[in-house]
Amino acid sequence: MTRRPSLPGASELFRLTTGTAADDVPAAEAPAQRRGTGRQKHSTKITVYVSDEELLALEHARLALRGEHGLAVDRGRVVREAIAIVLDDLEGHGEDSLLVRRLREQ
């Protein structure tokens, strides 16, 4: 038995994904508010570099969610929810969205 992990081949990495549940819902019936995806297998990965302070703040938020609110979530779930919130705000408020205002400050 080898200790080497089996990795997917190129055909698996670059396969087309069709027929998702989101494709079956007409645009008019789509929910008004985005939601971050929960604990499920995700098909796409991105790498985001954060400072030590940002990582510590994220970990504190995760622990606060668990300790004070009874929500056992991982950092990825917190980040996906935050992204959904920011994208909803951008879509709904455009020029006046929090994201646009904060990015203009920099």
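For the side-chain contact (heavy atoms from CB on, under 4.5 Å) with V78, the qualifying choice from L65, I83, L71 is L65, the only one to do so.
V79 and V86 fall into different hydrophobic clusters, defined by Ile, Leu, Val, Met, Phe, Trp and Tyr side-chain heavy atoms under 4.5 Å apart, directly or through other members.
Taking every heavy atom of both residues into account, D89 and L98 meet most closely at OD2-N, 2.7 Å. The shortest heavy-atom contact between R75 and R62 is N-CD, 3.8 Å.
Here V50 pairs with V48, E54, L55 under the side chain to side chain contact (heavy atoms under 4.5 Å, CB included) rule; sequence neighbours left out.
Note on residues 97-106: pairs passing side chain to side chain donor-acceptor pair (under 3.5 Å), not counting sequence neighbours, are E95-R104.
One distance of note links CG of L58 with CG of D74; it measures 9.5 Å at 0.5 Å rounding.
Looking at heavy atoms from C-beta onward, V100 lies in side-chain contact with L90 at the 4.5 angstrom threshold.
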